[in-house]
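Each chain gets a letter, A, B and so on, in the order the sequences are listed, and its residues count up from 1.
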Number of protein chains: 2
Amino acid sequence: MNPAPIFPENDRATIEDVARAAGVSTATVSRVLNNSGKVASQTIERVQNAITQLNYVAHGGARSLAATKTNTIGLIIPAASTLFFSSLLSGINSALSAHGYDFLIYATLTPASTADGNPLTLGPHNSDGLLIFTDSVDDPTLRRLARREFPMVLLHRRSIDQANIPTIRFNNFDSSYQLISHLIENCGRKRIAFLRGPDGNEDSQRREAGYRQALENHGLRVTTELIGDGLFQPEPAARQVQSWLDQGVTFDAIFTGDDNAAMGVIELLDRAGVRVPDDVSVVGFNDDVLSRYLNPALTTVVAPADQLGEKAAELLIQLIAGEIVPDETVLPTRLIVRASCGCQSQAAES
Amino acid sequence: MNPAPIFPENDRATIEDVARAAGVSTATVSRVLNNSGKVASQTIERVQNAITQLNYVAHGGARSLAATKTNTIGLIIPAASTLFFSSLLSGINSALSAHGYDFLIYATLTPASTADGNPLTLGPHNSDGLLIFTDSVDDPTLRRLARREFPMVLLHRRSIDQANIPTIRFNNFDSSYQLISHLIENCGRKRIAFLRGPDGNEDSQRREAGYRQALENHGLRVTTELIGDGLFQPEPAARQVQSWLDQGVTFDAIFTGDDNAAMGVIELLDRAGVRVPDDVSVVGFNDDVLSRYLNPALTTVVAPADQLGEKAAELLIQLIAGEIVPDETVLPTRLIVRASCGCQSQAAES
DNA sequence: TTGTATGATGTAAACGCTTACAGTAAGCGT
DNA sequence: ACGCTTACTGTAAGCGTTTACATCATACAA
């Protein structure tokens, strides 16, 4: 039996190949790999040379088997993803790498809104923690994971009873309240419509609550006639507004729920000969990158998804490290007034 | 020593727990897990019961260690990601699940445009194949992987010399040619500007080639004066156009390179008092979901990213299965004429 | 000189799975 | 009755790491 080749050309190198090439044991290689334990600087160098020589890359599976730690976080999001999501993702990524975690994002787009049916592959075992978006994981699963104290952060949704899973979201209520107050106080609007998001969406519920409160506090009546479904999407939103027009429902402003819906609404109104903002104000929520380029530029609420993603990832990292984090993290938002609400006091854009 | 508990409450169950609970060996459990080999239907049922009882989920790492197959594909994309990317992602996902692959997407956003520096963690060992977007992996790495015949598909870029890595992209040249021809023939435009994408972007290069060819074939001169940088982003694109306006460069149409840039340009022109499309036609590329809602609605080229993602994933799956796939896959695109080009013959939207 | 830290390294078990191989029992043809 | 398949199941090695423990110099204090 001849000695194993020092430079395996076609098979990926293992830690053993590296050890052999560097003339040390695998334990030592592992030590320099994770810089744990004491290793002579000379040895470190020899090992590192061997590593680059061989293009060695550790087998993540073997590593997580032995270390009972995956160095991976799971991101579970619903399939319908938009600009908002890519922004979120980049925020998460920046937090992870900033913390020296060479974590990789292990993302799975669940078929629809829930992951029930087959048990979550991303649980314990296969990731160190989970970032869960809205309702992409069903309650029993959530509860089970919570019982095992598996690190999780819930994005854009509240925790479940009995289990204090940390949550993170924007301050939907306050900013909606401000948005509507602005329409009333500065733009002189009185009949303001609201378009709900997808069924059960908590952001939408909170925005609606802010909307209602603002109307009430200004002595305006909340009419169900003026509350419809926009689903946070252009077409459904436009359809709802069209049907109001058809039915002769009158309004002088629309809070479209989010910016996506606003696009559809503005276009529809334009086509219907309704002038925005002269006849009707349109306001959104999110301040997507494109919203300032709309015509008219959209008055909306700045809710930076990337910041939310970043903060969420940081929370998760702390959780994984065994630290304690607040049950609820609410990120501030701010109103940004552009042309689409039609008020006099249009501030210069910052 | 008391017998190990049948239902481990707080530790994740292993295949051994399942085997014990079902009264079989781990080999048998593994067989039903992967339905390989013959197992009595009665046994299968017993095992499956045990699995649900214990909420068993296989340890992916252990599995890939033993099977030398990860059931994971890598997706490598540059950090700057837009609407285009989420669309792409959902296409990839649908292909993977459609093929019964319970593959998960293992995505890493590389810092900038290249993954060099530290060797690619996603190589052999840690994924079964790679989907590589534009220039997110450097050539030496690509070459090394190619030598190992590691399955890869390159998106939106050509292969490297000597290594026939399959590629997939849209037909940029033809559609740009059509777009420009349309501006000339149907909209009567003569001084058409072009905004390049990021440096080295191959899509941009091909679009420019189509643009140039169309001008030449219609007897128009290509002027470098009318070729600028838009980077496929709203702000840089607007800045370029602004500087043309400042310098007194005249044009009656702008091909903005992509839809993102078009948004910035339309807004800038509007603010500068230039009417679109009356004074200047603006056309884009991609047909992002939002483009039809712009004002004026954007004339552009339909290049469905989700379809590209889906097809790319399918190619990769075939590659992994050892099948042969074409070196080059070019997806068709089509012109969609809306209001922003200002031609008479505006077709009804399909 | 001896004893004792201390630093550097090696040995080998364990992580949770797959799979080649071996084994057993039942069924069948002769 | 015998042997040969066939259907099913178990045994155990091995996948590539990490890490507790052991080992062995070396240096330093007494």
### Message
Testing the basics here: between B:Arg157 and B:Leu154, what is the closest heavy-atom pair and its distance to 0.1 Å?
### Response
CG-CB, 3.8 Å
### Task
At the 4.0 Å heavy-atom cut-off to chain A, mark where contacts on DNA chain C begin and end, going 5' to 3'.
C:dA8 to C:dG16
### Query
Are A:Phe150 and A:Ile165 close enough that some pair of their side-chain heavy atoms sits under 4.5 Å apart?
no
### Message
Using side-chain heavy atoms (C-beta onward) and a distance below 4.5 Å, is B:Val153 in contact with B:Leu130?
### Response
no
### Query
Mind checking what makes salt bridge (Lys or Arg N to Asp or Glu O under 4.0 Å) contact with B:Arg158, not counting sequence neighbours?
B:Glu202
### Query
So do A:Val18 and A:Gln53 actually touch side chain to side chain, heavy atoms under 4.5 Å?
no
### Query
Taking C-beta and beyond as the side chain, do A:Thr28 and A:Thr43 meet within less than 4.5 Å on heavy atoms?
yes
### Query
Looking at B:Arg144 and A:Asn55, what are the two nearest heavy atoms and their distance?
CD-ND2, 2.9 Å
### Task
Taking only heavy atoms on the protein side, list every residue of residues 40-50 of chain A lying under 4.0 Å from any atom of DNA chain C, sorted numerically.
A:Ala40, A:Thr43
### Query
Given axes from five pairs at either end, by how many degrees does the helix from C:dT1-D:dA30 to C:dT30-D:dA1 bend, rounded to 10°?
50°
### Query
Between B:Arg143 and B:Gln162, is any pair of side-chain heavy atoms under 4.5 Å apart?
yes
### Query
Which residues satisfy the side chain to side chain donor-acceptor pair (under 3.5 Å) test with A:Asn34, sequence neighbours excluded?
A:Ser30
### Lys/Arg N to Asp/Glu carboxylate O, A:Arg169 vs A:Asp203, below 4.0 Å
no
### Atom of A:Asn126, atom of B:Gly61 and distance for their closest heavy-atom approach
OD1-N, 4.2 Å
### Query
Looking at A:Tyr56 and A:Leu33, what are the two nearest heavy atoms and their distance?
CE2-CD2, 3.7 Å
What protein N or O atoms touch nucleotides 16-22 of chain D N or O atoms at under 3.5 angstrom, if any, and at what distances?
residue	atom	partner	partner atom	Å
D:dG16	N2	A:Ala62	O	3.4
D:dT17	OP1	A:Tyr56	OH	2.7
D:dT17	OP1	A:His59	N	3.3
D:dT17	OP2	A:Ile15	N	2.6
D:dT17	O5'	A:Tyr56	OH	3.1
D:dT18	OP1	A:Asn34	OD1	3.4
D:dT18	OP1	A:Asn34	ND2	3.1
D:dT18	OP1	A:Arg63	NE	2.9
D:dT18	OP1	A:Arg63	NH2	3.4
D:dT18	OP2	A:Ser30	OG	2.5
D:dT18	O5'	A:Ser30	OG	3.4

